[in-house]
Amino acid sequence: MSVHLYNSMTRTKEEFKPLTEGQVGIYVCGPTVYGPPHLGHAKSYITFDVLVKHLRGRGMQVRYVQNITDVGHLTDNADSGEDKIQKQARIDRVHPLEIVDRYMFQYFTDMEALKIAHPSFYVRATQHIGEQIEAVQILLNKGHAYEIGGNVYFDVNSFPQYGKLSGRVLDEQREAVRVEARSEKRNPRDFALWKKAEPIHILQWNSPWGRGYPGWHIECSVMSTKYLGETFDIHGGGLENMFPHHECEIAQSECVTGKTFARYWVHNNMVTVDGVKMGKSLGNFKTCRDLLTRHSAEAIRVFILSTHYRSPTNYTEEAISAAAAGLTRLAVLKAFLETASKGTEGTNAVSCDISTLCHDADRQIGEALDNDLDTPGAIAHLYTFATAFNRLAAQTPLSPIEAREGLAVLKRWGEDLLGIVPVSAVGKGVADVEPLMDLIIELRKELKTAKRYDLADKIRDQIKIAGFTIEDTREGSRWRRL
RNA sequence: GGCGACAUAGCCAAGUGGUAAGGCAACGGUCUGCAAAACCGUUAUUCAUCGGUUCAAAUCCGAUUGUCGCCUCCA
């Protein structure tokens with residue numbers, strides 16, 4: 001099976017075939033950096049992180065471009081309201097670029113903490129002002145835009161296909177309401193390409209239409225096509241951006257180039273908190289940083305990935321803890337396999353059962369991901385694999401080569417791709433505690449031989465407070481970090 | 001008001017016409033000096049409700065109820 005993706009444009013699941021075989025261009029809407037990253041960002045960027053890694057795992061070369069919106073924008077169709085970045089700058093009494101700098105770096109740091117790989121590169125709106133002005137000029141020249149008093153608007157009526165992504169048609173009633181409020185525009189659905197800046201607006205640039213700043217949508221049109229080509233493979237983003245943002249991007253881009261913009265549209269669903277929308281105005285948004293103080297990156301990832309990306313994720317503290325609790329078995333198995341793979345004794349043969357198990361897991365997990373990134377299915381198969389592997393390992397001793405084969409499956413999917421298996425199951429801290437733990441285990445062995453169970457148990461209990469657990473098995477004691 | 005999505009065990013959550021994945025929790029059991037881990041078993045005759053299509057429906061169609069999202073910036 002090849003990779004299939006649900007394309008929002010056609011509303012069907014389609015086989016994914018890049019424009020150029022073996023090479024993929026993907027553009028994902030990045031954050032506007034005026035506040036700390038939250039769980040919604042995490043869901044979106046973890047989703048595309050897994051998608052890109054999977055495409056690469058399937059042998060494709062992927063160029064993944066993500067933007068950083070560092071120009072503040074007003075509400076897109078309104079002429080009133082305050083620039084988001086400038087507003088935050090006013091509140092904090094700093095320059096807008098200080099806001100941009102602060103939250104952009106927090107974004108990078110938090111995404112990294114969530115084990116999200118960097119895109120191929122980030123692009124910033126402020127670094128492409130010239131290109132945006134050019135695009136606006138082309139739209140004016142082609143009659144798709146008009147200028148009024150330093151503002152330039154896109155003429156929606158000049159692009160009959162407007163609405164093809166979101167399935168929206170003109171709503172006469174709502175328009176009628178807006179016409180009164182926005183009489184400057186020819187049509188209430190027209191949107192700003194370039195906004196005239198008042199002197200108080202700090203981030204502004206020269207343009208053929210006077211001092212101003214670009215409209216919200218144009219940056220994505222310009223930057224995606226600049227780095228990926230006029231027609232490119234995948235455009236991703238949050239569902240809430242489908243309209244109007246992506247609709248406007250399509251209109252602008254296709255009017256500038258005369259070609260199809262993005263070929264596949266991939267939208268991730270939203271995050272709710274206790275059943276209701278997570279929104280800034282509702283004050284219920286969960287920041288990544290806050291979540292990371294209570295949960296590991298793996299816990300947050302498995303929580304998010306255990307719901308399909310096109311379904312809404314409902315955050316509750318219980319749900320995330322429950323999802324994380326299951327991870328222990330994978331971590332323990334990994335620690336066990338790491339130890340078992342180090343030995344040199346035993347046969348070099350890989351038993352038929354182990355081999356079949358690993359191959360089946362590879363196939364099943366891969367197919368789940370091929371199927372529109374079915375991460376819940378992939379996780380289920382990984383758990384099934386872990387159970388089956390443990391069963392076999394309990395029956396017959398593992399040879400090092402068998403352990404390595406099992407470890408490879410766990411690493412390939414659980415660690416590298418999904419990022420849900422802790423990298424250091426045994427783990428090294430600041431100091432290397434291994435000799436110390438070996439000594440403790442040796443001492444307990446002597447105590448147990450002498451039937452001094454009270455002391456042996458006391459050591460085991462106390463060591464737990466220090467963050468380690470000792471497990472006594474038939475083959476001897478072993479330890480791991482909690 | 002317009003557009004769209006979803007309703008599956010105590011909780012989270014797959015299922016894309018062929019007879020209900022997986023995780024958490026709970027309760028038994030094996031193993032163990034005990035504990036932990038691991039493994040085995042039990043927990044939805046049923047998929048919001050009511051109709052319809054079909055040999056066959058959680059899956060398709062219609063109606064009803066409920067929840068959520070978008071239509072204003074938001075991942």
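Naming convention: chains lettered A, B, ... in sequence-line order (proteins, then strands); numbering from 1 in each chain.
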Any-strand Watson-Crick or G-U partner of B:U30, both distances under 3.5 Å = B:A38

Rounded to whole angstrom, note down the P distance from B:U42 over to B:G1.
-> 50 Å

Could you walk me through whether A:D461 and A:K458 pass the salt bridge (charged side-chain N to carboxylate O under 4.0 Å, His left out) test, one step at a time?
-> CA-CA 5 Å; A:D461 292 344; A:K458 187 176 179 183; over 6 Å; no

Taking a pair to mean Watson-Crick or G-U wobble geometry with both distances below 3.5 Å, B:U46 pairs with none

Where along nucleotides 14-25 of chain B does protein come under 4.0 Å, by heavy atom, of base (B) or sugar-phosphate alone (S), with - for untouched nucleotides?
-> S-B----BSSS-

Looking only at atom types and distance, does a side-chain atom of A:D190 sit under 3.5 Å from a main-chain N or O of A:V156, one as donor and one as acceptor?
-> yes

One should read off an interatomic distance between A:H41 NE2 and A:Y107 OH, to the nearest 0.5 angstrom, of 7.0 Å

From the candidates B:A36, B:A75, B:C68, the one with an atom nearest any side-chain atom of A:Y45 is B:A75

Rounded C1' spacing from B:G66 to B:A38 in Å = 43 Å

Under 3.5 Å on both distances, the Watson-Crick or G-U partner of B:C60 | B:G52

From CE of A:M242 across to P of B:G4 the rounded distance in Å is 10 Å

In whole angstrom, give the distance that lies between atom CG of A:D274 and atom P of B:C12.
-> 11 Å

Can A:E14 and A:T10 be counted as having a side-chain donor-acceptor contact under 3.5 angstrom?
-> yes

Euclidean distance for P, B:C6 against B:G17 (whole angstrom) | 15 Å

Among the nucleotides B:A75, B:C68, B:G33, which one has an atom lying closest to any side-chain atom of A:V276?
-> B:C68

Answer yes or no: does atom NZ of A:K115 have more than 12 heavy-atom neighbours from other residues, nucleotides or ligands under 6.0 Å?
-> yes

Using atom CG of A:N67 as one end and atom C1' of B:A75 as the other, report the distance to the nearest whole Å.
-> 11 Å

If you pin A:T316 and A:A386 to their nearest nucleotides in RNA chain B, which one's is more 5'?
-> A:T316

Reckon A:V302 touches a base, only the sugar-phosphate, or nothing at all at heavy-atom distances under 4.0 Å?
-> nothing

Any A:Y122 side-chain heavy atom under 4.5 Å of A:F108 side chain | yes

Between B:G69 (C1') and A:M270 (CE): distance, integer Å = 7 Å

Nearest-Å distance, NE2 (A:H267) to P (B:C71)?
-> 13 Å

Hey, does A:K43 reach any base, or is it just sugar-phosphate, or nothing, if we go heavy atoms under 4.0 Å?
-> nothing

5' priority, RNA chain B, between A:N268 and A:L330 [closest heavy atom] = A:L330

Pick the P atom in B:C39 and in B:A25, then give their distance to the nearest Å.
-> 13 Å

Span that lies between the P atom of B:G10 and that of B:U43, in whole angstrom = 13 Å

Of the nucleotides B:A75, B:A36, B:C70, which one has an atom closest to the side chain of A:T469?
-> B:A36

Given B:G4, B:A75, B:C39, which nucleotide is nearest the side-chain atoms of A:N390?
-> B:C39

Name all residues meeting the ring pair (Phe, Tyr, Trp, His ring centres under 6.0 Å) criterion together with A:H128; count only those two or more places apart in sequence or in a different chain, and write none if there are none.
-> A:Y227

Separation of B:A5 P from A:L239 CG (nearest whole Å) | 11 Å

B:A5 -> Watson-Crick or G-U wobble partner, both distances under 3.5 Å, gives B:U67

Say you pick atom P in B:C11 and the same atom in B:U53; how far apart are they, in whole Å?
-> 34 Å

Listed in order of residue number, which residues of residues 442-454 of chain A have a non-hydrogen atom at under 4.0 Å from RNA chain B?
-> A:K448, A:Y453

Would you indicate, yes or no, if B:C40 has its OP1 or OP2 atom less than 4.0 angstrom from a side-chain nitrogen or oxygen of A:R391?
-> yes

Between the base of B:G33 and the side chain of A:D457, is there a donor-acceptor distance below 3.5 Å?
-> yes

Value in whole Å for how far the P atom of B:G4 lies from CD of A:E247 | 14 Å

If you check the A:R460 side chain, which of B:A36, B:C34, B:C12 turns out closest?
-> B:C34

Out of B:A75, B:G4, B:A37, minimum distance to the side chain of A:R480 belongs to B:A37

Aromatic A:Y383 / basic A:R329 pairing, under 6.0 angstrom, 45° off normal | no

May I have the distance from A:N314 (atom CG) to B:A5 (atom P), rounded to whole angstrom?
-> 20 Å

Under the salt bridge (Lys or Arg N to Asp or Glu O under 4.0 Å) rule, what pairs show up with a residue in residues 35-50 of chain A, not counting sequence neighbours?
-> A:D49-A:K53, A:D49-A:R301

Test log, rule salt bridge (charged side-chain N to carboxylate O under 4.0 Å, His left out), inputs A:D110 and A:R289 | CA-CA 7 Å; A:D110 290 359; A:R289 195 155 281 192; 3.0 Å; yes

Describe the nucleic acid contact of A:D461 in one word from base, sugar-phosphate, nothing, applying a heavy-atom distance below 4.0 Å.
-> nothing

Kindly indicate, with the supporting measurements, whether the criterion side-chain hydrogen bond (donor to acceptor under 3.5 Å, both in side chains) is fulfilled by A:Y153 and A:N187.
-> CA-CA 10 Å; A:Y153 298 102; A:N187 184 313; over 6 Å; no

If we take the C1' atom in both B:U54 and B:A21, what is their distance in whole Å?
-> 26 Å

Interface residues of residues 33-41 of chain A with RNA chain B (non-hydrogen, below 4.0 angstrom) = A:H38, A:G40, A:H41

Would you mind checking if A:E219 and A:R124 are paired as a salt bridge, meaning a charged N to carboxylate O distance below 4.0 Å?
-> no

Counterpart residues, side chain to side chain contact (heavy atoms under 4.5 Å, CB included), relative to A:E446 (two or more places apart) | A:E442

Select base, sugar-phosphate, or nothing to describe what A:I470 touches, counting heavy atoms under 4.0 Å on all strands.
-> base

P atom, B:G4 versus B:U49: distance in rounded Å?
-> 25 Å

Say whether, by atom type as modelled, one donor and one acceptor occur between the side chain of A:N67 and the main chain of A:G30 under 3.5 angstrom.
-> yes

Please test A:D472 against A:S477 for side-chain hydrogen bond (donor to acceptor under 3.5 Å, both in side chains), starting from the C-alpha separation and ending with a verdict.
-> CA-CA 4 Å; A:D472 298 330; A:S477 300; 2.6 Å; yes

